[in-house]
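In what follows, a structure is listed as C-alpha cells, so that the remarks can point back to it.
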Amino acid sequence: MSSPQQIANTFQQALNLSDSSNAVSTSPTHSYLSQYVPSSQKNTKTLKPFSTGDIKILLLENVNQTAINIFHNQGYQVEFYKSSLPEDELIEKIKDVHAIGIRSKTKLTQKVLEHARNLVVIGCFCIGTNQVDLEAAAKAGIAVFNSPFSNSRSVAELVIAEIISLARQLGDRSLEMHTGTWNKVSAKCWEIRGKTLGIIGYGHIGSQLSVLAESMGMNVIYYDVQMIMSLGNSKQVDTLDELLSRADFVSCHVPELDDTKNLLSAPQFAAMKDGSFVINASRGTVVDIPALVQAMKAGKIAGAALDVYPHEPAKNGENLFSNELNSWASDLCSLRNVILTPHIGGSTEEAQSAIGIEVGTALTKYINEGSSTGAVNFPEVALRGLDLDQQNVVRVLYIHQNVPGVLKTVNNILSNHNIEKQYTNSRGDVAYLMADISDVDITDIKSLYEQLEQTPYKIATRLLY
C-alpha cells in the first residue's frame, strides 16, 4: 500500500504541477484552429509578389504569439509592440508596412491611412472593426479582416459569471471582506434557476450565451432585428419592449451602429422589471450609462455589469478610469452591486490563440494568394491555388473603381495571354479582379504590371508569380 507521501507525489506529477508556478488549470490553452493548415501551405504553388520587397508587418496591442508564428513562418518581417501607438508615431510606422495588426484601441482613421503608402491589408484581432475607417480603407484598396467568432465562448462565459455574481451580490461581499467586514446576508440574493434572461442580439455570442444559460435552468428570450432560428428552448420576441418587460437579466450583444447608440436609456430602463439587472459586454455606446446610474439610484435596476465604455484608456495603468475620461465614472464606481471590468470579454488564452490563428491566416492568404474571403469592407474574391507543376504563371490582383468600362480595358491588356481563371466582384464603389495568366515570362509580367498601373480607374495593382 502506498504511503500518504507517495500518493501526494503521484497526484502532483499527474497534474503536472511540479514545474509550473502558479498553475491554475490543466486544460489545454491551444486553439481548436491550431491544427488548421492554410491552403498556402498545402500542395499548391507558393507565390511571391512582383515589384515588392520583403513583406513588412506591424503588430500592435500585444497580438497573440500564434499570429506572430504564422507570419515568421512565411518569412515576413514583423515589428511587434505590446501597446497601441500615439497617432504621430503610428503615422510614421505605417508608412512602409504592407500589413498592420491591431486590436480595439488603435484608431486607423482616414488621416492615418493617407500615409500608408504600401499598406494592402489590415487585421483586426478582435470582433469589432469600428476602430478602422472601413470606407477610407476600401477606397485605398486596403482589405480589412476581423475575427467574428473566435472569442464568442469567452464572452458568453464571462456573462454567465456576471449573472451569478449580480444575483448573489458577490462583488459587494468580496469588497467588504477585503476591508475586514463580515456581512452574511441573503436578502435580495437569488438563484438564477427559473429566472428569465433577455438577450439583445442573437449572433455568435448571444446564441452561445443562450445555450449556457438554459443549461443552468434559465428561461431565455431574445430580440434581434432579423428572424433567427432559436437554439434549445429559447424564444424570439417581436419587440425590444417585450423583452425588457419580461426579463430578469438583460444582456446586450449588438454591434456599434447609429441604431444601437443608447439602445438602453431612460425609457428602456423604465420599461424593465423592478429589481432587474443589466449586462453589457458588446460596445460602450450601447448603454446610456448616466441614465443607468440614475435608474440604479432610484432602485429600478438592482445591479449592472459593464465590460465596455464609450471612452476607454489606451493602455493599462492606475487612475486611468476617471471622470477625465468619462464624466460619470465616479458616480458609477460609487454604486452598490456594479461589476466593472476593463474590456476583457474576449481576453482568455484560448480566445486570443484562436483569434491569432484566424486573423493571421486570413492576412497570409490575402498577401500570398489574393483571397479576400471574409473581408469586412471589400469585395470577396478567391481563386483556387496554383498546382506545384504550373510554371510561367502570374496571378493578377487588380483593385479599381466600380465604374463602367474598366473590365473592357483590363481584358484588352490581358487578352494577348492565356487567361486560365478569372473572377471579379464589387462592393459599393470598389471592385476587385483576380486572374491567373499562363505562359508568361518576367518580361511579360513587367509589361502587364506597367500597363495595369496606367489604367485610369486603378486603385491598386499586385502581381503574384
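Hydrogens, waters and symmetry mates are skipped; everything else that's a heavy atom, side chains included, is used. Here, residue 1 is the first one in the sequence, and each next residue gets the next number.
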Using atom types as modelled and distance alone, determine if a side-chain donor or acceptor of Asn377 lies under 3.5 Å from a backbone N or O of Glu135. no
Might you work through the side-chain contact (heavy atoms from CB on, under 4.5 Å) test for Asp224 and Ile200, ending with a clear yes or no? CA-CA 6 Å; Asp224 200 288; Ile200 304 175; over 6 Å; no
Measure from the side-chain N and O atoms of Ser84 to the backbone N and O of Glu61, and report whether any donor-acceptor pair falls under 3.5 Å. no
Walk me through whether Lys93 and Glu89 qualify under salt bridge (charged side-chain N to carboxylate O under 4.0 Å, His left out). CA-CA 6 Å; Lys93 289 287 185 183; Glu89 189 174 348; 5.3 Å; no
Count the heavy atoms of every other residue, nucleotide or ligand shown that sit under 6.0 Å from CZ of Arg427, and state whether that count exceeds 12. yes
Are any non-hydrogen side-chain atoms of Ile55 and Gln77 less than 4.5 angstrom apart? no
Sequence neighbours excluded, which residues qualify as side-chain hydrogen bond (donor to acceptor under 3.5 Å, both in side chains) partners of Thr455? Tyr398
Does Glu87 come within less than 4.0 Å of Lys111, counting only side-chain N to carboxylate O? yes
Considering only distance and modelled atom types, tabulate donor-acceptor pairs under 3.5 Å from the side chains of residues 336-345, sequence neighbours left out.
{"from": "Arg336", "atom 1": "NH2", "to": "Glu176", "atom 2": "OE2", "distance (Å)": "2.7"}
{"from": "Asn337", "atom 1": "ND2", "to": "Leu166", "atom 2": "O", "distance (Å)": "3.2"}
{"from": "Asn337", "atom 1": "ND2", "to": "Ala302", "atom 2": "O", "distance (Å)": "3.3"}
{"from": "Thr341", "atom 1": "OG1", "to": "Leu306", "atom 2": "O", "distance (Å)": "3.4"}
{"from": "Thr341", "atom 1": "OG1", "to": "Asp307", "atom 2": "OD1", "distance (Å)": "2.6"}
{"from": "His343", "atom 1": "ND1", "to": "Glu312", "atom 2": "OE1", "distance (Å)": "2.8"}
{"from": "His343", "atom 1": "ND1", "to": "Glu312", "atom 2": "OE2", "distance (Å)": "3.2"}

If we only count heavy atoms from C-beta on, is the Tyr222 to Ser210 side-chain gap below 4.5 Å? no
Test the Arg462-Tyr366 pair against the cation-pi criterion, namely NZ or CZ under 6.0 angstrom from the six-membered ring centroid and within 45° of the ring axis. yes
Pairs satisfying ring pair (Phe, Tyr, Trp, His ring centres under 6.0 Å), at least one member in residues 273-328, at least two apart: Phe249-Phe277, Tyr309-Phe321
Let me see the working for Arg117 and Asp96 under salt bridge (charged side-chain N to carboxylate O under 4.0 Å, His left out), right down to the final yes or no. CA-CA 7 Å; Arg117 55 196 176 205; Asp96 298 320; 2.7 Å; yes
